[in-house]
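Here the structure is laid out as structure tokens; the discussion comes afterwards.
One is the number of the first residue; the rest follow in order along the sequence.
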Amino acid sequence: MRVLLVGAGGVGTAITRIAARRPFFDAMVVADYDPARAEAAVAALGERAGRFTAERVDASDESAVTALLERHSCDVLLNATDPRFVMPLFRAAGSAGATYVDMAMSLSRPHPSRPYQECGVKLGDEQFALAEEWEKAGGLALVGMGVEPGLSDVFARYAADELFDEIEEIGVRDGANLTVDGYDFAPSFSIWTTIEECLNPPVVYEADRGWFTTEPFSEPEVFDFPEGIGPVECVNVEHEEVLLVPRWVGARRVTFKYGLGREFVETLRTLHLLGLDRTEPVTVPSAAGPVAVSPRDVVAACLPDPATLGERMHGKTCAGTWVKGVKDGSAREVYLYHVVDNQWSMAEYGSQAVVWQTAVNPVVALELLADGAWSGTGVLGPEAFPARPFLELLTAYGSPWGIREQ
């Protein structure tokens, strides 16, 4: 297997550090718009850097990405950029005949007149619209293969296959007790992506209604997270699992709730009120004359890079899937989860907990694809594959998962 990794930010860099310890691939090309970031990611591997090469590429330039895939004879494109670049990278992989893997899907657009009742363009719609083309070509696009979406979807498949006869509800629940020294507001993941997820209308699935939307931050609940994290208030957020899980797993209801905390929610609401969540450029004066900039990009530039916060960060992050249903005629309720302690991920890999937890899952998936344990054609989510091989290999990577009866 020869992999083109596009994106050498926090998650991309963590991917290289995890993959460097595994023998399943022959080469990994690490490409970024900023060549210094790609070079730094490779150089940090030290004696393990032999299979890695740094390159520059513009992720929005489909033809340049296709050419890079072909020049290095890469048979897999792993997308570690933000969701703005999903479609050009997705199309480039298809053009080059390469397997495509991402951790976030093509962007949504709210319904033009009823944004908090009806779906407009849903997450992943642009990719699923091309599923028949991928299938006819014999290609595979594995979409949403991070931690959430990704591991959370694997948990849903595992629950359906091995823990339940009938599922009433699947609810992904994400929470943490992370703190960052010296910052009152310092998101542990890309603020660009966080704004996109949290301020778009959340999507809910119900079997008798299909997909529909609600107000941002709706249906607050307190969820008790394991391994010392404790109770965290969670709210509805737009997320890929709600669009993926019902395609392959039978459930009467599917939700995603994120443990943001009230202060974080109020900060996001203020950004929205001021228009600072917008992606459309606005013109501002500068010493060199008027400049068009995206307000959201300005917000991101003003905040610390999440990848650099590891030394200041303390606590744990938890990703998991709560499932309620029936097994052998009796009601059952479980929470399948994966916890990463920032102290451990920093000591072991030099990556902060949230980006490491995101990064480990696509590497596990690549290894399963390389050895044939996972295979398929078309545009498929993690639920389309058997869960047990993934969970066993994740444990073998030194990062076990857990299950709690509720």
(request) Just do the ring pair (Phe, Tyr, Trp, His ring centres under 6.0 Å) check on F385 and W248 with the steps written out, would you? (result) CA-CA 9 Å; F385 301 90; W248 288 281; 8.4 Å; no

(request) Go through N342 and H314 one step at a time and tell me if the side chain to side chain donor-acceptor pair (under 3.5 Å) criterion holds. (result) CA-CA 6 Å; N342 188 73; H314 309 279; over 6 Å; no

(request) List the steps, then state whether side-chain contact (heavy atoms from CB on, under 4.5 Å) holds for T16 with F52. (result) CA-CA 8 Å; T16 65; F52 294 80; 4.0 Å; yes

(message) Test side-chain contact (heavy atoms from CB on, under 4.5 Å) on D26 and R51; report intermediate values, then the result.
(response) CA-CA 7 Å; D26 300 310; R51 291 177 292 164; over 6 Å; no

(request) Evaluate salt bridge (Lys or Arg N to Asp or Glu O under 4.0 Å) for E133 paired with K136, printing each intermediate quantity in order. (result) CA-CA 5 Å; E133 290 183 21; K136 285 180 177 178; over 6 Å; no

(request) Test side-chain contact (heavy atoms from CB on, under 4.5 Å) on V101 and L77 and set out the steps. (result) CA-CA 6 Å; V101 181; L77 189 158; over 6 Å; no

(message) Test side chain to side chain donor-acceptor pair (under 3.5 Å) on N236 and S218; report intermediate values, then the result.
(response) CA-CA 5 Å; N236 277 325; S218 59; 3.1 Å; yes

(message) What verdict does the side-chain contact (heavy atoms from CB on, under 4.5 Å) test give for V354 and V147, after you've listed the backbone C-alpha separation in whole Å, the side-chain angles of each residue and the deciding distance to 0.1 Å?
(response) CA-CA 9 Å; V354 177; V147 59; over 6 Å; no

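Using a 4.5 Å heavy-atom cutoff, the side chains of L260 and C198 are in contact. L68 has its side chain within reach of E55: a pair of non-hydrogen atoms, C-beta onward, lies under 4.5 Å apart. Here the side chains of E367 and L393 are in contact, with some heavy-atom distance below 4.5 Å. A heavy-atom distance below 4.5 Å is found between the side chains of R21 and Y349. With contacts defined as side-chain heavy-atom distances shorter than 4.5 Å, the pair Q127/M87 qualifies. When side chains are defined from C-beta on, Y337 counts as touching V339, because their heavy atoms get closer than 4.5 Å. The side-chain heavy atoms of K316 and E227, taken from C-beta on, include a pair separated by under 4.5 Å. Taking the side chain as every heavy atom from C-beta outward, R253 and T255 approach each other to under 4.5 Å.
D153 places a side-chain N or O within donor-acceptor distance of the main-chain N or O of G150, the cut-off being under 3.5 Å. Formation of a donor-acceptor pair under 3.5 Å by the R56 side chain with backbone atoms of A31 is not found in this model. Put simply, the side chain of Y335 never gets that close to the backbone of P226: no donor and acceptor are under 3.5 Å apart. A donor-acceptor contact shorter than 3.5 Å links the side chain of T267 to the backbone of E263. Side chain of D297 to backbone of S294: no donor-acceptor contact under 3.5 angstrom is found. For T13 (side chain) and A8 (main-chain N/O), a donor-acceptor pair under 3.5 Å exists by modelled atom type. Side-chain atoms of R2 come within 3.5 Å of backbone N or O of H72 as a donor-acceptor pair. Within the 3.5 Å criterion, the main-chain N or O of P295 finds no donor-acceptor partner in the side chain of R278. In this structure a side-chain-to-backbone donor-acceptor pair under 3.5 Å is present from W374 to P386. In terms of modelled atom types and a separation under 3.5 Å, the side chain of S345 and the main chain of W356 share no donor-acceptor contact.
The residues R37 and D32 are annotated as salt-bridged, a charged nitrogen and a carboxylate oxygen being separated by less than 4.0 angstrom. The existence of a salt bridge linking E383 and R247 is excluded, since no basic side-chain nitrogen approaches an acidic carboxylate oxygen closer than 4.0 Å. With respect to E169 and R252, no salt bridge is recorded, no charged nitrogen being found less than 4.0 Å from a carboxylate O.
A side-chain donor from one of D58 and S60 sits under 3.5 Å from a side-chain acceptor of the other. When only modelled atom types and interatomic distance are considered, D61 and S63 share a side-chain donor-acceptor pair under 3.5 Å. When only modelled atom types and interatomic distance are considered, E118 and T213 share no side-chain donor-acceptor pair under 3.5 Å.
Here the shortest heavy-atom pairing between P231 and D224 reads N-OD1, 3.5 Å. When all heavy atoms of M103 and G146 are compared, the closest pair comes out as CG-CA, 3.6 Å. Taking all atoms of both residues into account, the shortest heavy-atom contact from A14 to S351 is CB-OG, 3.6 Å. Of all the heavy atoms in A104 and P83, the pair that sits closest is CB-CG, 4.0 Å.
Taking the ring centroids of F90 and F85, they lie at or beyond the 6.0 Å cut-off. Between F128 and W134, the ring center distance fails the sub-6.0 Å criterion. Ring centers of F185 and F264: under 6.0 Å apart, within the cut-off.
Crowding of H111 atom NE2: a count of heavy atoms from other residues, nucleotides or ligands under 6.0 Å exceeding 12. In E333, the CD atom is crowded: over 12 heavy atoms of neighbouring residues, nucleotides or ligands sit closer than 6.0 Å. Applying the 6.0 Å contact sphere to CD of Q406 captures more than 12 heavy atoms from other residues, nucleotides or ligands. Other residues, nucleotides and ligands place more than 12 heavy atoms under 6.0 Å from the NZ atom of K122. Crowding of Y33 atom OH: a count of heavy atoms from other residues, nucleotides or ligands under 6.0 Å not exceeding 12. The number of heavy atoms from other shown groups lying within 6.0 Å of CD (E348) is above 12.
Shown here are the salt bridge (charged side-chain N to carboxylate O under 4.0 Å, His left out) partners of D277, two or more places apart in sequence or in another chain: there are none. Remark: F212 pairs with no residue by the ring pair (Phe, Tyr, Trp, His ring centres under 6.0 Å) rule, at least two apart or across chains. Checked against ring pair (Phe, Tyr, Trp, His ring centres under 6.0 Å), Y397 has no partners two or more places apart in sequence or in another chain.
The CZ atom of F155 sits 9.0 Å away from atom CD1 of I403, with the distance rounded to the nearest 0.5 Å. Atoms CG and CD, from L107 and E196 in turn, are 5.0 Å apart once rounded to the nearest 0.5 Å. For the atom pair CG (L142) and OH (Y100), the distance works out to 10.0 Å, reported to the nearest 0.5 Å. One finds the CD atom of Q357 at 10.0 Å from the CD atom of Q352 (value rounded to the nearest 0.5 Å). Of the inter-residue distances, the one linking E166 atom CD with K324 atom NZ reads 12.0 Å to the nearest 0.5 angstrom. From T308, atom OG1 reaches atom CE of M313 across 9.0 Å, with rounding to the nearest 0.5 Å.
When the options F225, F223, Y258 are evaluated for a side-chain contact (heavy atoms from CB on, under 4.5 Å) with V232, the one that passes is F225. With Y158 as the partner, the ring pair (Phe, Tyr, Trp, His ring centres under 6.0 Å) test is satisfied by one option alone out of W401, F390, F164: W401.
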